[in-house]
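Have a look at the structure below, then the notes.
Letters A, B, ... are given to chains in the order of the sequence lines, protein chains preceding strands, and every chain is numbered from 1.
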There are 2 protein chains.
Amino acid sequence: MAISDAQRTALPTLEDVARAAGVSRATVSRVVNGAPSVSPELQRVVQDAIAAVGYVPNRAARQLITRRSGVIALVMSIAPGSAADASALDAGAPDDAVLRDPAPDGAASEDASPDASADTAVDRVFADPFFGRIVAGVLGFLRPLHLHPLLMLAEDEASRALVLDHLRQGAADGALVVSIDPADPLPGLLVQAGLPAVFFARPERPLPVRYVDLAHQDGGRLAAERLLAQGRRQVAAIAGPLSLHAGRARLDGFCDTMARHGVAYVPYTVGNFTQDSGERAMRELLEREPELDGVFAANDLMAVGALHVLRERGRRVPQDVAVIGFDDSSAAASARPRLTTVRQPVEAMAARMAQLLLERLDEPDSPPRAVLFDTELVVRASG
Amino acid sequence: MAISDAQRTALPTLEDVARAAGVSRATVSRVVNGAPSVSPELQRVVQDAIAAVGYVPNRAARQLITRRSGVIALVMSIAPGSAADASALDAGAPDDAVLRDPAPDGAASEDASPDASADTAVDRVFADPFFGRIVAGVLGFLRPLHLHPLLMLAEDEASRALVLDHLRQGAADGALVVSIDPADPLPGLLVQAGLPAVFFARPERPLPVRYVDLAHQDGGRLAAERLLAQGRRQVAAIAGPLSLHAGRARLDGFCDTMARHGVAYVPYTVGNFTQDSGERAMRELLEREPELDGVFAANDLMAVGALHVLRERGRRVPQDVAVIGFDDSSAAASARPRLTTVRQPVEAMAARMAQLLLERLDEPDSPPRAVLFDTELVVRASG
DNA sequence: GACAGATGTCCATCCTCATGG
DNA sequence: TCCATGAGGATGGACATCTGT
C-alpha cells in the first residue's frame with residue numbers, strides 16, 4: 001500500500017541509487033548487470049542502497065538501448081492465406097468487434113457477460129491438448145533464462161500484420177510460430193521481413209528458416225510394424241488432412257510399410273484431427289471393410305473417436321480390432337482401453353524450437369538449422 | 001532480406017519521417033497517434049512518408065514516456081505458499097536448473113534433446129482443458145484492444161518474486177492471476193505491492209481486490225436437483241479438494257439440496273480434479289455404497305474417471321447410475337456417454353477478468369469489484 | 001590493468017513558444 | 001480570437017563509451 005503512492009509519482013532510478021550509495025550511475029549499472037569490475041565492498045554498498053530505496057530497473061529504458069525486450073512471441077497461426085481447406089465451420093466466423101479506443105466503456109453493463117469469443121476455429125486450437133504441450137515445453141526452456149512468451153494469434157491478414165509490427169516495434173525479440181495450415185503466408189512474411197523466427201514443422205514452401213519437425217513417416221512405420229507383428233492384415237487408416245505434410249507423411253509411412261510386408265491395400269479415410277472426424281471416419285471404414293482387424297489413426301483424438309464407434313458397434317479392442325493413435329497426448333492415456341500410440345515429443349520439440357530461436361538471436365548470421373525428432377511407440381492396451 | 005541489414009544498423013525514426021514528409025516531428029507524432037487536429041492532406045503526406053521510409057514506432061521509447069507496455073501478464077499460480085496439501089506427486093519436483101547466462105551453450109549437443117520440463121505439477125496445469133479455456137477467453141477480449149498476454153508461471157518463491165519484478169519493471173501493466181492453491185501468497189504480495197491485478201476466483205484470505213468467481217454452491221444445487229428429479233436417492237459425490245473454496249462449495253450446495261429434499265446421507269470421497277483421482281474415488285464409493293444410483297463429480301475430468309470405473313464394473317450409465325460432472329469442459333462432450341454437467345463459463349469469466357483489469361488500469365481509484373457468474377445445467381446423456 | 005566517474009545515446013512524447021492564416 | 005502547424009528543447013531511465021586515476 002505504501003508503495004502504491006510512490007509508484008504513481010516517481011519510482012527510484014539509477015540516479016537515486018547512485019546518490020544514496022555515494023557512487024556514480026555507471027557503477028550502479030555495473031552492479032545491477034553483474035559486471036566483473038566492481039570491488040566487493042562497493043558492490044555491497046550499492047546492493048544495500050538498491051534495497052534501501054527499493055530500486056527496480058526500468059525495462060523500457062533498458063530496452064531502448066540494448067534493443068532486447070526479453071520477450072519471445074509465441075504465435076499460434078491458424079488461418080490459411082487464401083480460402084483454403086479449413087473445416088466448413090470456419091466459413092462464417094464473424095470478425096472481431098474492433099474497438100478503436102483502448103479504454104473500455106466505463107459503464108459496461110453488469111449483467112451482459114462480455115463476448116466469450118466463441119469462434120470455433122480459435123477455440124479448437126486452445127482446446128487441443130497440443131497447445132498445452134507446446135506452452136509447457138516453451139515455458140520450461142524459457143523460464144530458467146528469465147524470458148517469457150507473449151501469446152499471439154494469427155488468423156487473418158490483420159492479425160498477421162500485427163505480429164510483424166510487434167516484432168518490428170521490439171515488443172518481442174523473435175517469434176516461435178506454430179503454423180497449422182500449409183498455405184499460411186506468415187512464415188514467408190517473417191522471412192521476407194528478415195525477422196527472427198523459428199517454426200514448429202517445416203513450412204510447406206521451402207524457406208531458409210530454422211524449424212523443428214518430426215519423423216512423421218517413421219511414426220507411420222512404427223504403427224504398421226506393430227500391427228503386422230500382431231498378425232493384423234485387414235488394416236485401415238484414419239488420415240489427417242492430406243494438405244498437411246504431417247497428414248501425408250504419417251499415412252505414407254504406414255501404407256509403405258504395409259505394402260513392403262505384403263499388405264497392398266490399405267483403405268483410408270481423411271479426418272481433420274478432431275474426435276468427431278475420427279468417429280465419422282471409423283463409421284465409414286467399418287462400412288467399407290466390415291472385417292477389418294486394425295486401425296491406425298493419425299492422431300490420438302481421432303483414435304479416441306474410433307474407439308467410441310468400435311465399442312458402440314460391439315467390436316472389442318484390442319481383441320477384434322487393434323487401434324493405434326499418434327501423438328501420445330493426454331487423451332491417449334485417459335482413453336479406455338488406454339491407447340497404444342506413436343509418441344511425438346511435443347514438449348521437447350517446443351523447448352528445442354525456443355533454443356533455436358535464442359541461437360539465432362545471439363548469432364544472427366549462423367546458418368538456418370532444422371532439428372528432426374524421432375518417434376517412439378508407446379504400447380498400452382488398445383493395440 | 002533487404003530490410004534485414006537496415007535493421008541491424010538503424011531503423012527509421014520519427015525524425016526521419018518528418019524529414020521525408022517535410023513536416024515537424026510533432027506533426028508526425030500527431031498523425032501516428034491519431035490526434036484530431038491534423039488536416040487530411042497533411043495526414044496523407046505523413047502516411048505516405050511513413051510507408052516510404054518503412055517507419056514503425058519504437059515501443060520502448062514510447063513506453064518510457066507513456067508508462068504503458070500494452071502487455072498484460074497472465075499468471076498461472078500453482079504452488080502453495082507453505083508446504084501445503086498439493087497432491088503427493090509434487091513433493092519431489094526438482095528445482096529448475098537455473099542458467100545464469102542467458103546465452104545458451106553454443107555447442108549444444110545435437111542429440112541430447114533439451115529438458116522437456118517433465119515437472120508433473122506444471123504439466124498438469126497446461127494439460128488441463130481449463131488452461132486453454134482461460135487463454136481463449138483472455139485472448140478474445142484483449143486482442144481487439146491490441147493488447148497481449150504475457151504468460152508467466154508462479155510456482156515457488158523465486159518465480160513469484162519474478163512476477164512482482166516484471167510488473168514493477170513495467171514489463172506488463174497488470175496481472176491476471178489464476179491461482180490454484182488457497183494458501184497461495186501471490187495475491188497478498190500483489191496487493192501489498194499495490195500492483196494492478198485481478199483474480200480468477202476469490203482469494204482465500206479476504207483482500208480488497210477485483211476478481212471473478214462462480215456461484216459454485218448453486219452449481220451443486222443444480223446437480224442435486226437434476227438427480228432428485230430423476231428419482232435418484234442413493235447418491236454419492238466425488239468432491240474436489242476441500243481446502244479449495246470451489247471444492248467445498250460445490251459439495252455443500254449438492255449436499256444441502258439433497259438434505260432439503262430428504263436425502264440426509266450423502267457419502268463422498270475427495271479427489272484432486274484429475275481423472276485418476278476420479279477413478280479411485282468411484283471405486284471407493286462403489287465399495288461403500290454398492291447400491292448407489294447417482295454420482296455428482298466436482299469436475300468433468302473426475303466424472304470421466306467415474307464413467308470408466310462404472311463401465312468396468314458393469315453398471316450402465318445412466319440406466320443404473322446417473323453421472324453429473326462440473327465445468328462443461330471439452331472432456332464432457334467427448335466422453336461416452338456424453339456427460340451431463342454443470343457449466344462454468346470459463347471463457348466469459350476470463351474475458352471479464354481482463355475487462356476488470358483494464359478498468360482498474362484506467363481508473364486506479366475505482367473501488368475493487370467482483371463479478372459472480374451463474375452456472376447452468378447442460379443436459380446430455382449421462383444423467 | 002583494475003576500477004570508477006562523466007557524458008553521450010537510444011527515440012517518442014510533452015511542452016512551450018512562435019507563426020501564419 | 002482561434003486553429004493548424006512548426007521548431008526544438010526537455011524528458012523518461014539505463015547502458016555504452018571514453019577518460020582518468
Hits for ring-ring contact (aromatic ring centres under 6.0 Å, His included) against A:Phe199, two or more places apart or cross-chain, chain-then-number order -> none
For [X] and [N], give me the distance from atom [atom1] to atom [atom2], rounded to whole Å.
| X | N | atom1 | atom2 | value |
| --- | --- | --- | --- | --- |
| A:Leu14 | C:dA6 | CG | C1' | 14 Å |
| A:Glu15 | C:dA6 | CD | C1' | 11 Å |
| A:Arg19 | C:dA6 | CZ | P | 13 Å |
| A:Gln169 | C:dC11 | CD | P | 14 Å |

Do any side-chain nitrogens or oxygens of B:Asn33 fall under 4.0 Å of OP1 or OP2 in C:dT13?
->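 So the side chain of B:Asn33 is within the cut-off, an N or O lying under 4.0 Å from OP1 or OP2 of C:dT13.
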Taking OP1 and OP2 of C:dA12, is either one under 4.0 Å from a side-chain nitrogen or oxygen of B:Ser29? no
Listed by chain and number, what are the salt bridge (charged side-chain N to carboxylate O under 4.0 Å, His left out) partners of [X], not counting sequence neighbours?
| X | value |
| --- | --- |
| A:Glu157 | none |
| A:Arg68 | A:Asp362 |
| B:Arg205 | none |
| B:Asp48 | none |

Rounded to 10°, the helix from C:dA2-D:dT21 to C:dG21-D:dC2 deviates from straight, judged by its five-pair end axes, by 40°
**OP:** Could you list by number each residue of residues 46-56 of chain A showing a heavy-atom separation from DNA chain D of less than 4.0 Å, or answer none if no residue does?
**Re:**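 Per residue number, the list reads A:Tyr55, A:Val56.
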| Under 3.5 Å donor-acceptor, A:Glu15 side chain and A:Arg25 backbone |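 No, because the side chain of A:Glu15 does not come within donor-acceptor range (under 3.5 Å) of the backbone of A:Arg25.
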Looking only at atom types and distance, does a side-chain atom of B:Arg62 sit under 3.5 Å from a main-chain N or O of B:Pro57, one as donor and one as acceptor? no
Which residues in residues 58-65 of chain A have at least one heavy atom lying under 4.0 Å from any atom of DNA chain C?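 Output list: A:Leu64, A:Ile65.
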Next on the checklist: Contact between B:Glu359 and B:Arg369 at the side-chain level, heavy atoms closer than 4.5 Å - yes or no?
Outcome noted: yes
query = Is the closest side-chain heavy-atom distance between B:Val209 and B:Pro203 below 4.5 Å?
reply =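 Side-chain contact under 4.5 Å: yes.
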Sorted by chain and residue number, the side chain to side chain donor-acceptor pair (under 3.5 Å) partners of B:Arg19 (sequence neighbours excluded) come out as B:Asp16
Check nucleotides 1-4 of chain C against the protein and report each pair of N or O atoms closer than 3.5 Å, with its distance, or say if there are none.
unit_1: C:dA4; atom_1: OP1; unit_2: A:Ser39; atom_2: OG; d: 3.3
unit_1: C:dA4; atom_1: OP2; unit_2: A:Ser39; atom_2: N; d: 3.2

Under 3.5 Å, which donor-acceptor pairs link side chains of residues 169-177 of chain A to any protein atom two or more places apart or in another chain?
unit_1: A:Gln169; atom_1: OE1; unit_2: B:Arg59; atom_2: NH1; d: 2.7
unit_1: A:Asp173; atom_1: OD1; unit_2: A:Ser69; atom_2: N; d: 2.8
unit_1: A:Asp173; atom_1: OD1; unit_2: A:Ser69; atom_2: OG; d: 3.0
unit_1: A:Asp173; atom_1: OD2; unit_2: A:Ser69; atom_2: N; d: 3.2
unit_1: A:Asp173; atom_1: OD2; unit_2: A:Ser69; atom_2: OG; d: 3.4
unit_1: A:Asp173; atom_1: OD2; unit_2: A:Gly70; atom_2: N; d: 2.9

- Task: Kindly say whether, by distance alone, the side chain of B:Arg25 makes a donor-acceptor pair under 3.5 Å with the base of D:dT5?
- Result: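 Answer is no: no donor-acceptor pair is held.
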Practice prompt. Begin from the C-alpha positions of A:Arg352 and A:Glu347 and carry the test salt bridge (charged side-chain N to carboxylate O under 4.0 Å, His left out) through to its verdict.
Written response: CA-CA 9 Å; A:Arg352 192 55 188 275; A:Glu347 293 86 353; over 6 Å; no
ring-ring contact (aromatic ring centres under 6.0 Å, His included) pairs touching residues 151-176 of chain B, sequence neighbours excluded, are A:His148-B:His166
